[in-house]
Amino acid sequence: MEVSVDTYIGRRDTSNYSMVNQDGVQIMVANSLAAYIDKLDLDCKKFLFLHKLKAFLTMTNGAEVAV
């Protein structure tokens, strides 16, 4: 599975994405994938100056994916 992270949207076409807002963070999920996601959990850890972001997806068929 491919994950793309970008902090600047600019003039990009975002019509193919669903926007999810949680705790002041906006997450864009592709519409082709959003239809199959039942639950999305984010885990952000900080160590010194490094940040680690991990997403846990629970799909509608019960499969769990960590990205």
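- Taking CZ of F56 as the start and CD of E64 as the end, the distance is 9.5 Å to the nearest 0.5 Å.
- T58 and D38 share no donor-acceptor pair across their side chains, judged by distance under 3.5 Å alone.
- Shortest non-hydrogen contact noted between A55 and L42 is CB-CD2, 3.8 Å.
- With respect to I37, the side-chain contact (heavy atoms from CB on, under 4.5 Å) criterion is satisfied by exactly one of L57, V65, T60: L57.
- Separation of atoms CE (M19) and CE (M28) is listed at 4.5 Å; rounding is to 0.5 Å.
- The backbone N or O of A30 sits nowhere less than 3.5 Å from a side-chain atom of N16 that would complete a donor-acceptor pair.
- Nearest heavy-atom pair across S15 and N31 is O-ND2, 3.4 Å.
- Within the 4.5 Å cutoff, the side chain of I27 has heavy atoms near those of the L40 side chain.
- Grouping the Ile, Leu, Val, Met, Phe, Trp and Tyr side chains by contacts below 4.5 angstrom, directly or via other members, places M59 with V29.
- Note: the hydrophobic cluster containing L33 also contains V67 (ILVMFWY, side chain heavy atoms under 4.5 Å, direct or indirect links).
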